Amino acid sequence: MAKAKKTGITPTREADYPEWYQQVIKAADLAELSPVRGCMVVKPWGWAIWENMQRVLDGKFKETGHENAYFPLFIPMSYLEKEAEHVEGFAKECAVVTHHRLEPDPNGGLRPAGKLEEPLIVRPTSETIIGEMYARWVQSYRDLPILINQWANVVRWELRPRMFLRTAEFLWQEGHTAHADEAEAREETLRMLHVYADFAENYMAMPVIRGEKTAGERFPGAVSTLTIEAMMQDRKALQAGTSHFLGQNFSRAQGIKFQNQSGEEEFAWTTSWGVSTRLIGALIMTHSDDDGLVLPPRLAPAHVVILPIYRNDDERSGVLDYCQRLKNELEAKTYSGDAVRVRLDDRDLRGGEKNWQHIKRGVPLRAEVGPRDIENDAVFLARRDTGEKQGIGRGQFIESVGDILGEIQDGLFQRALELRQENTRTIDDLQEFREYFTPENADAPGIHGGFALCHFVDGDPVVEEEIKKLKVTVRCIPLEGDGQAGKCLFTGKPSAGRAVFAKAY
RNA sequence: CGGGACGUAGCUCAGCUUGGCUAGAGCACCGGCUUUGGGAGCCGGGGGUCGCAGGUUCGAAUCCUGUCGUCCCGACCA
């Protein structure tokens, strides 16, 4: 009897994309909302993905000459006031600590006491506190460059949280560097953008566009903001990482000064760059399908899950022995420089239910092993990315496991790249632009639009108004543009190059 | 911070219009038996001060007032 095809996730992406996203997180047991407004609890499976991301990125930061350090969670309010644009950018979303003690109140509860002389803000980002320290550390050109990264949590009091994409508290890394000259600082900004792009494409299997933000989208206080932008499966853009050239704005505000070789006093040139747990959201929306999470092998907490199948206690011990041996043999193999990560799921659950759990959690390979397979010295192997299932000899499986994982990794990247290519258009006609970004049914806007490459004039009010109406934003001016000049789509004024326009998260 | 909706079991919700026996269902959970190669079936069981505080009433999940919270749509944002 053929059963009706049932998806692991309800609703499907097509039916209700935002709800699908929430359900994937739930079904894959990645995280859940906490009782604290806007803050989430990252559960072990989600955390393991983050740990893998951290491990890879941390290695890349160290390879590029950076060291880790740690700076305080609290920042004196006055620090934030020093850089005017910076204040404006973050003031509206800061958590503020005004007291340092609790005392009993008359109703049997507690109330804050011990008012602080100067309020402390919980860092929304650490440029100011880190800059303050750099100012103390730098006297001579010989003290530069300073190349430091920190792994930390930050707080931005968001009004509308979405798991992983925008939460009040989130985890990230922030690199902060100070240099003796502009060229070196600009080079650093670009270098780290490429580190991010490499990580996104080769580890997350997520193609990205490297580009520069327009003035309006720039980091508050930065001279230039570089970004990597990815397309999610609903064709919206997600900013996946940023690298900022801060010029001398922050060093002037914070007094990061040094004497150069001629004995003259100069301000240092600084940069900052970061990626956050938002990358997990990006990962989910890039690869997952209507059955749940799909993980690129390089970041998957488990590459292979072995599912023993048996009917009774007699079969049980034999099957488990065989599985344990298979696990050991697989773990002796490597993929992408690491030992193959294998889990043996011998929980006392029904096979079907167990199997679905691993599908929903996105494990790249599931190997079912039952008496029948053992007889043939084989396993029944299922791929999460294609859904393909086949019997394969045990020896062959062990020999090829690394290759199969590599195939999955590459396949996911190709699939994501194709989606982006199919949904990227060069547009030179305003009417076409409007239609491209207008959903067929305004009351239930389904998946529509994509990336549009258009000529434009940065900051022109006519442009701003038009794209705002359509809820479209300028994502970036690609670094690898065609370099052709043209006419602004909206105003007809001369344009030096095309930018990527899209709806965004 | 503006507009809308909603708070009933761990989760999703019914019941409320028209107040009335012991507050229900599905899923999840626990136990037993039969099962086990893509989400098992049957039987039994545990679990709720109906968000909170007042009020009306012989009687409130249901009506009234207040309050707290959550979600959605805007504005803001990694």
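Because the structure is predicted, anything quoted here is derived from the model rather than measured. Proteins come first, then strands; the chains are lettered A, B, ... in the order of their sequence lines, and each starts at number 1.
Across the P atoms, B/rA9 and B/rA23 are found 14 Å apart, a figure rounded to whole Å. Taking atom P in both B/rC63 and B/rG69, one finds a spacing of 23 Å when rounded to whole Å. Here, B/rU17 and B/rG54 have their P atoms 23 Å apart, quoted to the whole Å. Nucleotides B/rG47 and B/rU8 have their C1' atoms positioned 14 Å apart, rounded to a whole Å. When the C1' atom is used for both B/rU12 and B/rA75, the distance is 32 Å, rounded to whole Å. A gap of 33 Å separates the C1' atoms of B/rG26 and B/rU67, to the nearest Å. Nucleotides B/rU56 and B/rC71 are separated by 35 Å at their P atoms, to the nearest Å. Taking atom P on both B/rG45 and B/rC50, the two are 24 Å apart, rounded to the nearest angstrom.
Counting atom types as modelled, A/Arg366 pairs a side-chain N or O with a base atom of B/rG38 as donor and acceptor under 3.5 Å. Interface remark: the A/Lys389 side chain does form a donor-acceptor pair with the B/rG38 base, using a distance-only criterion of under 3.5 Å. Counting distance only, with no hydrogens placed and no angle test, the side-chain atoms of A/Asn355 and the base atoms of B/rG39 include no donor-acceptor pair under 3.5 Å. The base of B/rU35 lies outside donor-acceptor range of the side chain of A/Arg311, with no N or O pair under 3.5 Å.
Remark: A/Glu169 does not engage A/Arg156 in a salt bridge, criterion side-chain N to carboxylate O under 4.0 Å. A salt bridge is defined here as a Lys NZ or Arg NE, NH1 or NH2 lying under 4.0 Å from an Asp or Glu carboxylate O, and A/Asp291 with A/Lys360 fails to meet this definition.
Contact annotation: A/Arg166 does not reach the phosphate of B/rA78 (side-chain N/O to OP1 or OP2, under 4.0 Å).
Within the nucleic acid shown, A/Gln239 comes within 4.0 Å of sugar-phosphate atoms alone, with no base atom in reach, counting heavy atoms only. Across all strands, A/Gly241 comes closer than 4.0 Å to no nucleic acid atom at all (heavy-atom distances). Within the 4.0 angstrom heavy-atom criterion, base atoms lie near A/Pro371.
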As a quick check of understanding, evaluate side chain to side chain donor-acceptor pair (under 3.5 Å) for A/Asn423 and A/Tyr436, giving each step before the final call. CA-CA 10 Å; A/Asn423 294 290; A/Tyr436 191 52; 5.4 Å; no
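Of the candidates B/rG37, B/rC11, B/rA78, B/rC11 carries the atom nearest the A/Lys26 side chain, counting heavy atoms from C-beta on. In the set B/rC11, B/rG74, B/rG37, the nucleotide with an atom closest to the side chain of A/Lys471 is B/rG74. Closest contact between the side chain of A/Ile359 and the listed nucleotides B/rG39, B/rG38, B/rA78 involves B/rG38. In this structure, of B/rG39, B/rU35, B/rA78, it is B/rG39 that holds the atom nearest to the side chain of A/Lys360.
One interatomic measurement links the two molecules: OH of A/Tyr505 to P of B/rC76, which rounds to 18 Å at whole-angstrom precision. In this structure, A/Arg350 places its CZ atom 16 Å from P of B/rC33, rounding to the nearest Å. At whole-Å resolution of the value, CG in A/Leu320 and P in B/rU36 are 18 Å apart. A straight line from CD1 of A/Ile374 to C1' of B/rG37 spans 13 Å, rounded to a whole angstrom. Distance CG (A/Asp16) to C1' (B/rC73): 14 Å, rounded to an integer number of Å. The interatomic distance linking A/Leu381 (CG) with B/rG38 (C1') rounds to 15 Å, in whole Å. For the pair A/Lys468 NZ and B/rC77 C1', the computed distance is 14 Å after rounding to whole Å. B/rG10 atom C1' lies 14 Å from atom CG of A/Asp29, rounded to whole Å.
Across all strands shown, B/rU65 forms a Watson-Crick or G-U wobble pair, both distances under 3.5 Å, with B/rA53. Base pairing of B/rG46 is not made with any nucleotide, judged by Watson-Crick or G-U wobble geometry with both donor-acceptor distances under 3.5 Å. Both distances falling under 3.5 Å, in either a Watson-Crick or a G-U wobble arrangement, occur for no nucleotide opposite B/rC77. Shown here, B/rG26 forms a base pair with B/rC11; the pair counts as Watson-Crick or G-U wobble because both key distances fall under 3.5 Å. Shown here, B/rC71 forms a base pair with B/rG4; the pair counts as Watson-Crick or G-U wobble because both key distances fall under 3.5 Å. Both distances falling under 3.5 Å, in either a Watson-Crick or a G-U wobble arrangement, occur for no nucleotide opposite B/rG39. Taking a pair to require two hydrogen-bonding distances under 3.5 Å in either a Watson-Crick or a G-U wobble arrangement, B/rG59 remains unpaired.
In the model, A/Asn202 has no side-chain atom that pairs as donor or acceptor with a side-chain atom of A/Arg298 under 3.5 Å. Looking only at atom types and distance, the side chain of A/Gln173 has no donor-acceptor partner in the side chain of A/His66 under 3.5 Å away.
The residue among A/Ala382 and A/Phe219 whose nearest nucleotide of RNA chain B lies closer to the 5′ end is A/Ala382. Along RNA chain B, the nucleotide closest to A/Asn312 and the one closest to A/Glu353 are compared, and the more 5′ of them pairs with A/Asn312.
Ring geometry for A/Phe490 against A/Phe501 counts as tilted: the plane angle lies between 30° and 60°, on a 0 to 90° scale. The aromatic rings of A/Phe170 and A/Trp172 sit perpendicular to each other, their planes meeting at more than 60°, with 30° as the lower class boundary.
Side-chain contact between A/Val401 and A/Leu365: present, with at least one pair of heavy atoms (C-beta onward) separated by less than 4.5 Å.
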